[in-house]
Each structure stands twice: as structure tokens, then as C-alpha cells.
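Data block below; observations after.
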Amino acid sequence: MKPLLILILLALTFSWGIARAGDKRILISDLHFVKTAKGHMRIEGLVKNLTNHPLRQVYVAFNLLKNGMVVGYSTDIVFNLQPKQEWLINARCHTRIVKPDHFRLAELSAIP
């Protein structure tokens with residue numbers, strides 16, 4: 001079920017406009033790892049809608065890395081992000097065995 005959901009999300013993301021690093025519609029900042037009370041790792045950060053209109057959907061995806069090698073992934077999505085509104089990313093880290101020591105933004109998409 002999870003692989004199917006991931007494929008669907010990726011397909012939808014590629015069919016919509018991808019927000020590139022120079023995209024003036026959204027700003028992503030303050031990305032960092034957080035460990036929950038139950039010991040799970042999450043990535044937190046802020047996304048801000050810089051436009052004067054709502055964004056129907058904003059999606060972020062991260063590659064989780066250990067010594068530069070991809071060992072997992074993390075994603076989060078928000079709907080109807082209003083103009084100038086901020087969204088707190090709270091993306092759970094999905095790995096099998098190896099705990100990541102770093103992450104890299106793999107994808108950031110915004111749908112007006």
C-alpha cells in the first residue's frame with residue numbers, strides 16, 4: 001500500500017508545477033531534525049506562501065542520508081495555504097534500519 005501511495009504522490013507531483021529554488025511563490029526555511037517523545041525522527045521547518053492568492057497544495061519531499069547515502073525518505077503536504085500564511089512542516093522520517101545523519105530537500109511543489 002505504501003509504495004502505491006508514494007507512486008501516486010510522485011505522479012501527481014510531476015504532473016503539476018514544481019516550485020524550483022528560485023520560485024518566488026514560496027519560501028522554505030528553518031529545516032531541522034526533531035526527535036519525538038516516542039523516539040521517532042521528524043523533519044520540521046517553515047514554508048511561507050509569498051503570493052497574494054491561496055495555494056491549493058504545497059508538497060515537500062526529503063531524502064534521508066547516512067554518510068551521503070540515501071537511507072529513507074520523508075514527506076509532508078498541506079492544502080489551501082492562504083496568502084502570506086506559514087505552514088509548519090512536520091514530516092516523519094521513514095527508514096528501515098539505518099538512522100539518518102542528514103537530509104536533503106528532494107522536491108518542493110506548489111499548485112496555485
Side-chain angles (χ1 to χ4, degrees):
M1 181 68 179
K2 282 185 183 180
L4 179 59
L5 180 61
I6 293 168
L7 288 174
I8 290 170
L9 284 174
L10 287 174
L12 289 174
T13 301
F14 285 122
S15 68
W16 295 322
I18 303 286
R20 290 169 182 75
D23 194 325
K24 305 251 186 264
R25 295 180 296 177
I26 52 179
L27 174 68
I28 189 166
S29 63
D30 195 28
L31 294 172
H32 58 278
F33 277 124
V34 172
K35 190 174 261 192
T36 67
K38 293 185 178 183
H40 300 282
M41 292 186 72
R42 294 188 175 276
I43 296 173
E44 286 188 356
L46 291 175
V47 170
K48 184 172 184 176
N49 178 355
L50 299 175
T51 71
N52 292 320
H53 61 280
L55 296 173
R56 287 188 299 152
Q57 175 182 310
V58 179
Y59 171 80
V60 293
F62 302 94
N63 283 333
L64 304 176
L65 308 169
K66 176 73 173 190
N67 298 325
M69 182 175 69
V70 176
V71 295
Y73 68 95
S74 184
T75 62
D76 204 1
I77 191 168
V78 68
F79 299 96
N80 198 27
L81 189 63
Q82 294 300 308
K84 312 304 180 203
Q85 187 176 34
E86 291 183 332
W87 162 48
L88 176 63
I89 298 168
N90 190 4
R92 183 170 182 204
C93 297
H94 301 278
T95 61
R96 297 211 180 242
I97 298 170
V98 179
K99 297 296 180 196
D101 57 17
H102 194 67
F103 60 88
R104 180 178 60 235
L105 180 65
E107 190 171 327
L108 175 62
S109 66
I111 302 170

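The figures that follow rest on heavy atoms only: side chains count, while hydrogens, waters and symmetry mates do not.
- Atom OG1 in T51 sits 9.0 Å away from atom CD in Q82 (nearest 0.5 Å).
- The line from NZ of K48 to CD of Q85 is 10.5 Å long, rounded to the nearest 0.5 Å.
- Using a 4.5 Å heavy-atom threshold, the side chains of K99 and K66 count as separate.
- Hydrophobic clustering, with ILVMFWY side chains joined whenever heavy atoms are under 4.5 angstrom apart, groups L105 together with F103.
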Derivation of the side chain to side chain contact (heavy atoms under 4.5 Å, CB included) call for W87 and I26 = CA-CA 11 Å; W87 162 48; I26 52 179; over 6 Å; no
Quick one: do V58 and L108 satisfy side chain to side chain contact (heavy atoms under 4.5 Å, CB included)? Show the steps, please.
-> CA-CA 7 Å; V58 179; L108 175 62; 4.3 Å; yes
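- Contact check for L50 versus K24: no side-chain heavy atoms found under the 4.5 Å cut-off.
- Using cut-offs of 30° and 60° for the angle between ring planes, the H94 and Y73 rings count as parallel.
- For A61 against T75, the heavy-atom pair with the smallest separation is CB-CG2, 4.0 Å.
- Residue H102 holds its NE2 atom at 10.5 Å from CG of L64, rounded to the nearest 0.5 Å.
- In this structure, K35 places its NZ atom where only 12 or fewer heavy-atom neighbours from other residues, nucleotides or ligands lie under 6.0 Å away.
- Here the CD1 atom belonging to I77 is positioned 12.0 Å from the CD1 atom belonging to I89, to the nearest 0.5 angstrom.
- The backbone N or O of P112 sits less than 3.5 Å from a side-chain atom of R56, completing a donor-acceptor pair.
- No side-chain heavy atom of N80 sits under 4.5 Å from any side-chain heavy atom of Q57.
- Taking the side chain as every heavy atom from C-beta outward, V78 and V47 never approach each other to under 4.5 Å.
- The two atoms that bring F33 and M41 nearest to each other are CD2-CE, 3.4 Å, heavy atoms only.
- Nearest heavy-atom pair, R25 versus L55, reported as atom, atom and distance to 0.1 Å: O-CD1, 4.4 Å.
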Stepwise, does the side chain to side chain contact (heavy atoms under 4.5 Å, CB included) test hold for I43 with D76?
-> CA-CA 9 Å; I43 296 173; D76 204 1; over 6 Å; no
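- Of the possible donor and acceptor atoms, none in the side chain of N49 sits under 3.5 Å from a partner among the backbone N and O of P54.
- Panel note: side chain N63, backbone R104; no donor-acceptor pair is recorded below 3.5 Å.
- Distance check: T36 OG1 to K38 NZ gives 8.0 Å after rounding to the nearest 0.5 Å.
- The backbone N or O of G72 sits nowhere less than 3.5 Å from a side-chain atom of T95 that would complete a donor-acceptor pair.
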Please step through side chain to side chain contact (heavy atoms under 4.5 Å, CB included) for the pair V70 and L65, ending with a clear verdict.
-> CA-CA 5 Å; V70 176; L65 308 169; 3.7 Å; yes
